[in-house]
Amino acid sequence: MSADTAYMASIWQTALIHMKKAFIKPLFETWIKSTMPLSINDNVIEIGTPKQFVKEWLESRYVPVIKAALKAAANKDFEVIFINMDMDIDIESVEEETALLTIEVPATELDIISEKIENQPIIPAIAEKPITDNDALTNTDYLKYLDDIGDIPEAAAALSTEISPPDTTKNNIKKERYPNRQNTNLPPISEEFNLNPKYIFSTFVIGNSNRLAHAASLAVSEAPAQVYNPFFIYGGVGLGKTHLMHAIGHRIKENNPNSKVVYISSEKFTNELINSIISGNPENFRQRYRNIDVLLVDDIQFLSKKEHTQEEFFHTFNTLHDANKQIIISSDRAPREIQTLEDRLRSRFEWGLITDIQPPDLETRIAVLRKKAMMESLNVPNEVIVYIASRIENNIRELEGALIRVIAYASLNNQPIDIDLATEALKDIFPDGRPKQITTDLIKDIVATYFKLKLEDLSAKKRTRNVAFPRQIAMYLCRELTEISLPKIGEIFGGRDHTTVIHAHDKIHRERNSDAKLNNTIKDLIKRIES
Ligand SMILES: Nc1ncnc2c1ncn2[C@@H]1O[C@H](COP(=O)(O)OP(=O)(O)OP(=O)(O)O)[C@@H](O)[C@H]1O
């Protein structure tokens, strides 16, 4: 074994002990344990992951923690590169292999290291308590981090009230957690073209909740600065605002590769402004944002209370708008609801089109999950998709997170994905006893899946027994399990009369008593609907 390999393995082993302490157990088991060190070279360490999504997940969420653990282990900073090895890694063999590699570090020494770490606070400046699934650093952690990086010069101190901790209520992978306030060298504008290649129109699922926002986004992307300028999208957390903004950016670049498209979060905008003041070169900052064709600013609500940044943004806005350049803005709420947003800025946002995205309905949630599974080339049974979609209603990011968790769980345990596995994988997210909202959409979906029908069949005019009977069962279940009125149920099943619903309900009720097989089917369906 080369000295480098032994060195790498012993660092990784020690870093693992740190990480074990930093993460809550299921997270450590799911995301960290399946990785293995591949090579080490000066200050770069390559880490192998079993699947592409594990790589992406680690890259987007846990790099700071992994780096801190490596630093704690080796007392130096490492760049971390993840490499997808696309293989089923058996955790026990990874553990064995890493242990074999560390043979040159005597076990007792490892015990001593382990004990030492046990008595240390969890990786300094990263977290004071184990990282939970939301990976939410507390505001205190963040402020502590800001303290750790030292005093800020006077010019920035004047603005320091403008630096607010990130919104830790979000499980937001794209936010920059540690703005590097000491870096005063702004990268050239071309490096700002940081659009996520996955956020394109073809991967965006259209439903009633986002149809208008999607149509307007398409229109803006095909005719920038000509139809809606500015274009303002707002909606709750994780509903696809950033996805649409990036999709617009991609499309504009496709249509005109020379156009300068810049996407930035309002937090980053604020931090760059502060940096430019620290470096005594605010003009540099101004030029940077006033010489572009399309400006996409995400999460503008973070500018509330930041008067200096608002002022700067106001001028940037005017310059771009006067020059007929497209401005696209997103926010978690409508302009008039953003408190302490200057009136002149608010009124400018209202010049163009304001559109919202609502939480998706069940059908859209199912479609999003199907698309995601398809994109990952994974075969996820419909009942698992419905199980997840019926429980997470208000956040597509969480919806995707739940699916990824199920996939990871199946892959790590080398088991097929089915409803039992999904229940087990998600038991922390859907704790027992959480009341589940039973909707007619959910009932229709489960009944259609059970009888291998298309959803539309239940509302169609067809009267053949293989369709009519499941339809009657679905009507019966809607009557039994929801508070929806008879006429409304009739309407949901293809505009049928309420007397048809009464007839279906009576028929199934009667037959259940005399037909044990049917009774079991109904019980099974109820279990699926309620589980
Ligand atoms: N309609 C959709 N179709 C497919 N994927 C979607 C859709 N809406 C959201 N997503 C996915 O959900 C995740 C969260 O979306 P996004 O980051 O755009 O949300 P957001 O509204 O900007 O959230 P935030 O308010 O936290 O910034 C992304 O992975 C995105 O691709």
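Remember, predicted model here, so these are calculated numbers, not experimental data. Counting convention: from 1, in listed order, for ligands and their atoms alike.
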Counting heavy atoms only, which of A367, G238, S209, S60 is nearest atom 23 (O) of ligand 1? G238
The one among L399, T242, I396 that brings a heavy atom closest to atom 22 (O) of ligand 1: T242
For ligand 1 and [X], I'd like to know whether there is a polar contact (N/O to N/O, distance under 3.5 Å).
X: V368; answer: no
X: L239; answer: yes
X: G240; answer: yes
X: D298; answer: no

Using a 4.0 Å cut-off to any heavy atom of [X], which atoms of ligand 1 qualify?
X: D299; result: 27 (O)
X: G236; result: 21 (O)
X: N210; result: 1 (N)

Looking at N379, I want to see if its CG is surrounded by more than 12 non-hydrogen atoms of other residues, nucleotides or ligands under 6.0 Å. no
R344, CZ atom: more than 12 neighbouring heavy atoms under 6.0 Å: yes
Please work out, at 4.0 Å between heavy atoms, whether the side chain, the backbone, both, or neither of K371 comes within that distance of ligand 1. neither
Parallel under 30°, tilted from 30 to 60°, perpendicular over 60°: which one fits the rings of H214 and F204? parallel
Mind telling me whether H321 and F317 have parallel, tilted or perpendicular rings, with 30° and 60° as the class edges? parallel
For D361, all residues meeting side chain to side chain contact (heavy atoms under 4.5 Å, CB included), sequence neighbours excluded: N208, E363, T364
Set of residues satisfying side chain to side chain contact (heavy atoms under 4.5 Å, CB included) with respect to K454, sequence neighbours excluded: E456, D457
Report yes or no: does a heavy atom of T203 sit under 4.0 Å from some atom of ligand 1? yes
Nearest-0.5 Å distance that lies between atom CD in E79 and atom NZ in K67: 4.0 Å
As a quick check of understanding, evaluate side-chain hydrogen bond (donor to acceptor under 3.5 Å, both in side chains) for H250 and E254, giving each step before the final call. CA-CA 6 Å; H250 283 298; E254 265 162 47; 5.7 Å; no
